**Q** 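Mind looking over this structure? Questions follow.
Here, residue 1 is the first one in the sequence, and each next residue gets the next number. From a predicted model like this one, the values you see are computed outputs, not experimental measurements.
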Amino acid sequence: MMRFLIKYETNSSDYRNATLNSLSNVTHNGSVCGNDTQAALLAVQFGEGHSWSINFTKTNETYQGDFITFTYNTNDTVVFPDAKRKGPITVVVKDTMGPVELNNIFVCHNTDFFEAENVTQIFWNVTVQAFVQNGTISKKESRCRADTPTSAPTVPPTSANITTASTTTLSPAPTTAPKPVENPVTGNYSLKIGNRTCLLANVGLQLNVSQEKPLLINLNPKTTSADGACGNTTATLKLNDGNSTFISFTFVVKNVSASMQKFYLKEVNVTLLNRLNGSVISNADNNNFSKWDTFLGSSYLCRKEQTLEVNEDLQIRTFNLWIQPFLVKANKFSTAQECSLDDDGILVPIVVGAALAALIAIIVIAYIIGRRKSYAGYQTL
């Protein structure tokens with residue numbers, strides 16, 4: 001099973017997210033079994049001009065996937081309405097599948113992902129055997145890492161995968177309040193250009209998804225990998241928990257004056273998947289943020305909880321945020337600009353000012369009442 005999440009530009013120069021499923025009009029023209037001197041090729045065509053292929057190479061004892069080539073056709077107006085660029089667009093990515101012993105089937109029931117050039121490719125329920133020996137499908141299996149977790153998988157609860165155990169107890173079961181979700185663990189993420197660190201981020205992330213049964217999901221730093229790109233005026237941090245969550249943060253630089261620049265968070269994209277079947281639980285993006293604003297060459301720090309409204313159905317809560325997407329020196333954060341939420345000292349003048357304002361208002365009101373009484377007494381005389 002395959003699904004593709006594609007970000008594309010429209011004629012109005014904004015960006016939209018499209019979802020492409022390989023379910024209609026599927027053919028496999030051009031596929032090749034391969035041999036000792038020729039690579040095997042699995043080629044699939046589907047929908048309105050879309051295609052996907054993978055080639056396999058082998059040694060004397062193993063075979064493995066080499067490159068995955070995916071072509072999507074933006075002339076398909078149902079999937080890509082108002083697309084600015086028309087025609088086929090091809091993305092090539094190196095397959096991360098490890099070597100599999102010859103005469104073994106490669107099996108991966110859980111989801112696996114590839115990200116490249118605004119495309120996320122999602123696979124699940126994969127069963128494949130290249131270079132079949134003697135025309136007989138093997139009964140031996142080689143499992144992917146996603147099928148052999150070192151700990152219990154964390155599957156976001158949905159109505160499709162929640163079950164209730166039956167019981168023979170006659171008395172009603174005691175009701176207990178649901179255990180509150182704890183604050184997320186702070187993760188340390190970084191990007192490099194060669195040996196030089198170009199982006200630093202420390203943050204705890206929690207997703208709040210509104211649906212029939214609301215979800216609160218903490219991103220686990222131990223299973224989350226960081227990727228992205230650094231530039232002079234744009235930087236993107238992409239986080240993939242290797243399970244079901246993709247989050248990307250895009251930062252840009254703006255000119256405050258002829259000699260002064262700032263950076264800020266401009267765009268956030270979130271894709272949340274059902275780990276078992278690859279279905280999209282939530283796909284949200286917002287490119288109109290103006291958050292985490294500070295001077296270029298500094299870092300932005302906010303220890304208190306903040307909320308990013310990606311859309312009406314999804315929020316991101318950040319904890320212990322410390323971010324620097326530009327001009328990182330010596331692999332360390334530069335001097336931090338703290339957010340107003342962290343500045344407890346500002347509360348003192350606010351409280352004092354409010355008290356003084358209230359006192360002045362009381363004095364003015366008392367003065368007006370006193371004047372009225374005096375005037376009324378004068379009229380009586």
**Q** Partners of Phe251 by ring-ring contact (aromatic ring centres under 6.0 Å, His included), sequence neighbours excluded?
**A**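 Expected list: none.
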**Q** Lys254: what forms a salt bridge (charged side-chain N to carboxylate O under 4.0 Å, His left out) with it, not counting sequence neighbours?
**A** Asp293
**Q** So which pairs with a foot in residues 36-53 pass salt bridge (Lys or Arg N to Asp or Glu O under 4.0 Å), sequence neighbours left out?
**A** Asp36-Lys58
**Q** What are the two closest non-hydrogen atoms of Trp124 and His109, and how far apart are they?
**A** CB-O, 3.6 Å
**Q** Quick check: do Phe46 and Leu20 have side-chain heavy atoms less than 4.5 Å from each other?
**A** yes
**Q** Name all residues meeting the side chain to side chain donor-acceptor pair (under 3.5 Å) criterion together with Asn220; count only those two or more places apart in sequence or in a different chain, and write none if there are none.
**A**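 Listed in chain order: nothing, the list is empty.
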**Q** Counting C-beta onward and ignoring hydrogens, is there a side-chain heavy-atom pair between Pro88 and Asn73 closer than 4.5 Å?
**A**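 Side chain of Pro88 against side chain of Asn73, heavy atoms only: contact under 4.5 Å found.
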**Q** Sequence neighbours left out, what pairs pass salt bridge (Lys or Arg N to Asp or Glu O under 4.0 Å) with at least one residue falling in residues 93-103?
**A** Asp66-Lys94
**Q** State, with a plain yes or no, whether a side-chain heavy atom of Asn118 is found less than 4.5 Å away from one of Tyr8.
**A**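 No, side chains not in contact.
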**Q** Partners of Lys86 by salt bridge (charged side-chain N to carboxylate O under 4.0 Å, His left out), sequence neighbours excluded?
**A** none
**Q** Any idea which heavy atoms bring Trp322 and Ala336 closest together, and the distance?
**A** NE1-CB, 3.8 Å
**Q** Verify whether one side chain among Ser298 and Ser334 offers a donor that lies under 3.5 Å from an acceptor in the other.
**A**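 No donor-acceptor contact under 3.5 Å links the two side chains.
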**Q** Considering all heavy atoms of both residues, which atom of Tyr300 and which atom of Cys339 are nearest to each other, and what is their separation?
**A** OH-CB, 3.2 Å
**Q** Does any non-hydrogen side-chain atom of Val128 lie less than 4.5 Å from one of Ile54?
**A**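 A side-chain contact is absent here, since even the closest heavy-atom pair is not under 4.5 Å.
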**Q** Report yes or no: is the cationic atom of Lys262 (NZ for Lys, CZ for Arg) closer than 6.0 Å to the six-membered ring centre of Phe295, at no more than 45° off its axis?
**A** yes
**Q** When the ring centroid of Tyr72 is compared with that of Phe80, is the distance short of 6.0 Å?
**A**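 Under 6.0 Å, so yes.
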**Q** Might you point out which heavy atoms bring Leu219 and Ile247 nearest each other, and give the distance in Å?
**A**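 Taking Leu219 first and Ile247 second, the nearest heavy atoms are CD2-CD1, 4.3 Å.
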**Q** Would you say Leu265 and Leu308 make side-chain contact, with heavy atoms under 4.5 Å?
**A** yes
**Q** Less than 6.0 Å separating the ring centroids of Tyr63 and Phe106?
**A**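 No, ring centres 6.0 Å or more apart.
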**Q** Which pair of non-hydrogen atoms, one from Ser299 and one from Gln324, has the smallest distance, and what is that distance?
**A** CB-OE1, 3.7 Å
**Q** Are the aromatic rings of Phe70 and Phe4 close, with centres under 6.0 Å apart?
**A**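 Yes, ring centres under 6.0 Å apart.
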**Q** Can you find a pair of side-chain heavy atoms, one from Asn17 and one from Leu5, that are under 4.5 Å apart?
**A**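 Asn17 does not reach Leu5 side chain to side chain.
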